[in-house]
Enquirer: 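The structure under discussion is supplied below as structure tokens; questions concerning it will follow.
Just so you know, these numbers use all the heavy atoms, side chains as well, and skip hydrogens, waters and symmetry mates.
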2 protein chains.
Amino acid sequence: MAKRRKVGNLMALAVLSALVQQPMHPYQMASVLREHGKDQNMKIKWGSLYTVVQNLEKHGLIEATESVRQGGRPERTVYGITDAGRAELTDWVRELLSTPEQEQSRFTAALSVLAVLSPAEAADLLAQRLDALDKRFAGRQAALAEAARDVPRLFLVEEEYELAVAEAEIGFVRGLLGELTSGTFPGLADWQTFSETGVVPPELAELMERGLHPQ
Amino acid sequence: MAKRRKVGNLMALAVLSALVQQPMHPYQMASVLREHGKDQNMKIKWGSLYTVVQNLEKHGLIEATESVRQGGRPERTVYGITDAGRAELTDWVRELLSTPEQEQSRFTAALSVLAVLSPAEAADLLAQRLDALDKRFAGRQAALAEAARDVPRLFLVEEEYELAVAEAEIGFVRGLLGELTSGTFPGLADWQTFSETGVVPPELAELMERGLHPQ
DNA sequence: ATGCGTATACTCGTGAGCGAGTAATCAAAT
DNA sequence: ATTTGATTACTCGCTCACGAGTATACGCAT
């Protein structure tokens with residue numbers, strides 16, 4: 001599934017959703033997005049913003065409505081969403097919502113090459129991560145609670161989701177770290193000797209040959 | 001933090017980790033990665049693979065050791081990792097492991113524009129997602145259990161992590177869906193009338209003006 | 001012996017993504 | 001009065017990612 005969108009960048013989604021409210025010029029989009037806390041999850045890349053706006057216009061999803069100049073400032077082109085744009089927006093949301101897609105996280109990548117470090121160092125680094133995760137989580141949770149006082153849930157669900165996932169990551173890291181520090185992680189001794197001497201334990205060597213995930 | 005890597009693509013990490021085992025040529029890297037189930041999380045893009053290998057060589061992290069031709073096949077260049085490459089690998093893993101970075105997920109993006117759909121449709125789509133998630137989760141869990149019979153935990157942690165996160169997502173979606181179908185989601189009535197009539201409830205209109213996340 | 005499908009092993013062109021730079025305006029400070 | 005620093009508002013050009021295409025060889029059937 002996941003048909004190719006004319007404009008695939010997720011920033012395009014944000015732009016379309018901003019323009020549904022009212023027409024605006026690119027820089028204003030950025031401000032609005034920032035106000036709505038979208039920049040928390042998605043850093044605003046200036047290059048992308050203007051490229052995306054161009055592409056959206058090229059594909060008729062938005063259109064330049066007017067071009068204002070105030071003072072000696074560079075001219076600002078105001079864009080509005082078209083019917084095609086509105087259609088694309090809802091269709092896109094429908095797809096994103098209904099069909100999960102496995103995305104590659106950097107932490108997953110790190111875990112998949114965990115064996116290049118020694119167990120002790122891995123534990124140390126995981127402890128650092130856990131610390132950072134805990135702090136960040138507390139902050140975000142507080143901010144969410146604060147916002148929930150006057151913003152309806154509907155506009156906070158994405159943050160709730162992120163926090164749910166963050167909590168799961170914290171749990172996982174805490175668990176793994178616990179196993180490493182308590183020494184209950186299975187195969188810890190083999191990993192230890194391998195990292196010290198570079199010697200691959202015999203039962204592992206055989207696995208290397210035939211591949212880890214045989215069908 | 002997160003200093004710019006000379007080669008930033010995560011496929012480079014996979015390549016380096018493959019070359020730590022033994023020198024090989026690009027196509028073999030792909031095979032090895034596929035055998036180790038890396039293609040599950042990270043689809044192998046041929047263009048990227050060869051670009052990444054080139055870049056790694058350019059920056060001295062790997063080097064061409066020999067160039068074999070067998071039969072009339074195109075010549076295969078065999079690459080080995082350098083000391084600089086080994087250093088980069090461990091340094092990179094250290095960073096990835098210790099410092100969390102918030103990544104933008106497509107589902108988060110979808111949730112942040114949830115209001116463009118009607119509550120009923122949102123519920124319907126979330127139900128579809130939940131279904132897909134459940135199926136995929138069961139499959140992956142079974143595969144993990146199967147693999148765990150002869151592969152050490154050390155090489156399965158990344159899949160355990162993914163499953164932990166997947167479980168959290170399932171829980172979140174199930175919860176949200178429940179609130180929508182049972183009607184207990186706060187502000188559901190407002191959302192409903194807005195989606196039918198396009199009328200923004202007064203207490204919301206005011207929020208729009210001053211921004212959702214004021215500092 | 002010849003055709004056909006599949007595995008091997010890349011190459012190349014396109015286009016997307018983005019950081020760093022630019023330049024004007026405005027407010028406050030010296 | 002003018003220097004400084006922040007805010008507004010973009011532009012440019014490089015790099016990177018990647019899909020689709022290419023071409024050869026091998027095995028198996030006809």
Enquirer: Looking only at side-chain N and O atoms, does A:Asn9 come under 4.0 Å of OP1 or OP2 in C:dA16?
Expert: no
Enquirer: Find the distance A:Leu49:CG to D:dC10:P and express it as a whole number of Å.
Expert: 9 Å
Enquirer: May I ask you to evaluate whether A:His25 reaches the phosphate of D:dC10, defined as a side-chain N or O under 4.0 Å from OP1 or OP2?
Expert: yes
Enquirer: Rounded to the nearest Å, what distance is computed from the CG atom of residue B:Leu56 to the P atom of nucleotide D:dA17?
Expert: 11 Å
Enquirer: Between D:dT8 and A:Tyr27, is there an OP1 or OP2 to side-chain N/O distance shorter than 4.0 Å?
Expert: yes
Enquirer: Taking CZ from A:Arg34 and P from D:dA9, how many angstroms apart are they, rounded to a whole number?
Expert: 11 Å
Enquirer: Indicate whether any N or O donor in one side chain lies under 3.5 Å from an N or O acceptor in the other, for A:Glu158 and B:Thr108.
Expert: no
Enquirer: Between D:dC10, C:dA9, D:dA17, which nucleotide gets closest to the side-chain atoms of B:Tyr50?
Expert: C:dA9
Enquirer: A:Trp46 or B:Trp46: which one's nearest nucleotide on DNA chain C is closer to the 5' end?
Expert: B:Trp46
Enquirer: How about B:Pro152 and A:Trp191: do any of their side-chain heavy atoms sit closer than 4.5 Å?
Expert: no
Enquirer: With a cut-off of less than 4.0 Å, is there a side-chain N or O of A:Ser48 near OP1 or OP2 of C:dC18?
Expert: yes
Enquirer: Of all the nucleotides listed (D:dT11, C:dG17, D:dA17), which has the minimum atom distance to the side chain of B:Val52?
Expert: D:dA17
Enquirer: Whole Å only: how far is the CD atom of A:Gln54 from the P atom of D:dT11?
Expert: 8 Å
Enquirer: Measure CD/B:Gln28 against C1'/C:dA7 and give the value in whole Å, please.
Expert: 15 Å
Enquirer: Reading DNA chain D from 5' onward, which residue's closest nucleotide shows up sooner: B:Lys58 or B:Gly47?
Expert: B:Lys58
Enquirer: Are the charged groups of A:Asp190 and B:Arg153 less than 4.0 angstrom apart, N to O?
Expert: no
Enquirer: Looking only at the side chain of A:Lys45 (C-beta and beyond, no hydrogens), which of the listed nucleotides D:dC10, C:dG19, D:dC16 gets closest?
Expert: C:dG19
Enquirer: Between B:Asp131 and B:Arg136, is the closest basic N to carboxylate O distance under 4.0 Å?
Expert: no
Enquirer: Closer than 4.0 angstrom, basic N to acidic O: yes or no for A:Arg129 and A:Asp124?
Expert: no
Enquirer: Measure from CE on A:Met11 to P on C:dG19 and round the result to the nearest Å.
Expert: 11 Å
Enquirer: What is the distance, rounded to the nearest whole Å, between atom CD1 of B:Ile44 and atom C1' of D:dA17?
Expert: 15 Å
Enquirer: Once you round it to whole Å, what is the distance between P of D:dT8 and CE of A:Met29?
Expert: 16 Å
